[in-house]
*Asks:* 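Supplied in structure tokens, the structure appears directly below.
Per chain, numbering begins at 1; letters A, B, ... match sequence-line order. What's counted below: heavy atoms across the whole structure, side chains too, no hydrogens, waters or symmetry copies.
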Amino acid sequence: MAVPTLAKVSFDAVELTNGAVTQLTFNATEFDSGSFVSGDTFVAPSDGYYHIGFRAGLSETMNGKYWRIFIYKNGAALTSPIYTSGGNDWVANSVAVDTWLDASDIITFYVQHNYGANGTLWAGSYTTHAYIYQLDDYPGTFSSARVYLTSDEILAASTPEELVWDAESWDTDGYWTSGTDLVVPSTGIYLVVATVAMTSVVDDVVLMASTSVNGSQFSGAFNNWNHENQEPPDNQMETVLLLTASDTVSLTLEQRELNDRSVESGAVSGTALTIVRLGDQS
Amino acid sequence: MALSNAILVGTQVPSLATVANNTWTSLEFVTTADHNLGGWTGLNSTSLTVPETGYYLVTAGMWWGATNGVTLGLRINVEAVNRREVNFSSGANNTQILPLVDIMYLTADDAITIQVYQNTGGALAYGNTATPTLNGSYFAAHRMDSDASPSVEGGLSWSQLSTKGRVLLT
């Protein structure tokens with residue numbers, strides 16, 4: 001296995017002025033095999049195609065407001081999802097994009113909200129982090145698994161539930177046999193993608209999702225989707241994790257509707273958890 | 001190293017200025033050849049053909065005009081079957097980019113289509129550009145289980161790309 005050209009950072013818990021587009025500052029570098037990190041920016045080490053992921057949250061109770069997260073390239077917005085808060089709770093969302101970068105191109109991360117007063121970034125590496133890796137770094141051996149549900153799963157209101165998977169679409173290295181956990185076969189850096197689909201229309205509902213590592217709900221990545229007057233919502237979250245052999249990865253969901261809500265099953269477009277080994281740590 | 005079977009393309013609604021209400025509408029894949037590594041076909045149409053069987057990291061995004069309190073959707077179909085969808089409630093009367101990411105096992109000659117949805121009650125503006133920016137929309141995919149050099153006719157080599165330095169998603 002090769003070491004991927006990759007970096008991942010967390011951010012400082014800064015105060016965010018209402019309405020202002022604010023650049024986030026790096027708090028800690030979890031790993032940086034590509035020498036990307038320079039101050040509060042990622043700098044592309046060479047020409048190439050890159051995958052960039054960004055997740056950020058606002059630790060304020062939102063309702064009917066927006067939370068916007070930006071990836072900037074050379075001072076201009078590359079992509080900027082904007083999320084509405086309809087569930088009267090904190091928000092945390094993510095975005096990932098593929099792009100071409102010239103050597104020395106600069107990537108920075110911004111957020112914006114209209115909470116109504118100044119708010120605080122929801123810091124903590126599981127909620128607010130960013131990563132970048134060069135797509136043309138092939139790890140040498142493809143190692144991956146994807147698991148899904150074969151029947152819809154009922155989520156009781158305000159009760160976190162670790163999903164018990166029913167089947168797998170593929171599994172190159174025995175990641176899954178049964179139950180909730182994908183078991184990592186070897187130490188390395190992994191890309192984890194969770195796709196969540198619900199079966200019914202929701203209104204003013206908070207849907208929380210976290211990729212847990214070794215049973216710790218917030219050790220992986222966390223999204224807090226606040227839906228308002230919504231068709232059956234389908235969402236995704238992605239993260240990059242440094243994992244040790246035998247670590248377990250699972251997906252926990254919670255919904256805060258007053259009534260039970262169901263998670264949609266299905267191998268094709270239902271709720272699923274996918275893991276891919278990107279390479280060695282060093 | 002080489003990036004296998006990768007593509008970065010813009011997307012747009014053919015010949016339309018807006019997307020109709022409550023209708024899943026197919027987008028056209030629009031690009032130059034510069035970001036087509038490995039023989040994807042179907043550019044400038046609504047159906048993109050997978051060049052080789054494998055596991056692909058897929059990302060897509062759709063820019064929408066300002067909306068409030070409606071559902072916005074983005075869907076990737078493979079062989080006319082919904083493979084992955086994302087939808088969100090919009091709000092605050094603002095523009096929005098709807099992002100999608102997934103890892104998919106795709107078979108050679110699979111037809112990929114991208115569809116978008118909105119239920120504002122009327123037509124809605126979208127990101128219509130072949131060179132996506134903040135106001136554009138895009139689709140990207142690359143094969144994760146092979147480092148074979150692009151060899152399919154029509155694909156450009158990595159060295160050609162590096163020399164050209166052509167930027168699509170800027």
*Asks:* Can you measure from CH2 (W170(A)) to CD1 (I103(B)) and round to the nearest 0.5 angstrom?
*Replies:*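 If we round to the nearest 0.5 Å, W170(A):CH2 and I103(B):CD1 are 6.5 Å apart.
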*Asks:* Could you state the interatomic distance from OG (S269(A)) to CG (N77(B)), rounded to the nearest 0.5 Å?
*Replies:*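 That separation rounds to 9.5 Å.
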*Asks:* List the atom of L100(B), the atom of Q236(A), and the distance in Å for their closest heavy-atom pair.
*Replies:*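 In this case the closest contact between L100(B) and Q236(A) is CA-OE1, 3.2 Å.
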*Asks:* Which atoms of V268(A) are under 4.5 Å from chain B, going by heavy atoms: the side chain, the backbone, both sets, or neither?
*Replies:*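 Backbone plus side chain of V268(A), per the 4.5 Å heavy-atom cut-off to chain B.
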*Asks:* Could you state the interatomic distance from OH (Y55(B)) to OG1 (T172(A)), rounded to the nearest 0.5 Å?
*Replies:*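 One finds 7.5 Å between OH of Y55(B) and OG1 of T172(A).
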*Asks:* So does N21(B) have more than 12 non-hydrogen atoms from other groups sitting under 6.0 Å from CG?
*Replies:*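 Counting neighbours around CG of N21(B), more than 12 heavy atoms of other residues, nucleotides or ligands fall under 6.0 Å, so yes.
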*Asks:* Looking at every non-hydrogen atom in both residues, tell me the closest pair between M144(B) and F142(A) and how far apart they are.
*Replies:*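 The answer is O-CD1, 3.5 Å.
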*Asks:* List for me each residue that meets side-chain hydrogen bond (donor to acceptor under 3.5 Å, both in side chains) alongside E85(B), sequence neighbours excluded, and say none if there are none.
*Replies:*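 With neighbours one apart ignored, the set is R75(B), N82(B), N87(B).
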*Asks:* Which heavy atom of S94(A) sits nearest to which heavy atom of P99(B), and what is that distance?
*Replies:*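 Looks like O-CG, 4.2 Å.
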*Asks:* Provide the full list of salt bridge (Lys or Arg N to Asp or Glu O under 4.0 Å) pairs with a residue in residues 96-107 of chain B, sequence neighbours left out, each pair given once.
*Replies:*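 Residue pairs with at least one partner in residues 96-107 of chain B: R146(A)-D102(B), R84(B)-D102(B).
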*Asks:* Quick one: pull up CD in E238(A) and CG in L57(B) and give me the separation to the nearest 0.5 Å.
*Replies:*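 Here the interatomic distance stands at 6.5 Å.
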*Asks:* Looking only at heavy atoms, what is the nearest atom pair of H51(A) and V101(B), with distance?
*Replies:*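 Scanning both residues, the minimum pair turns out to be CE1-CG2, 4.5 Å.
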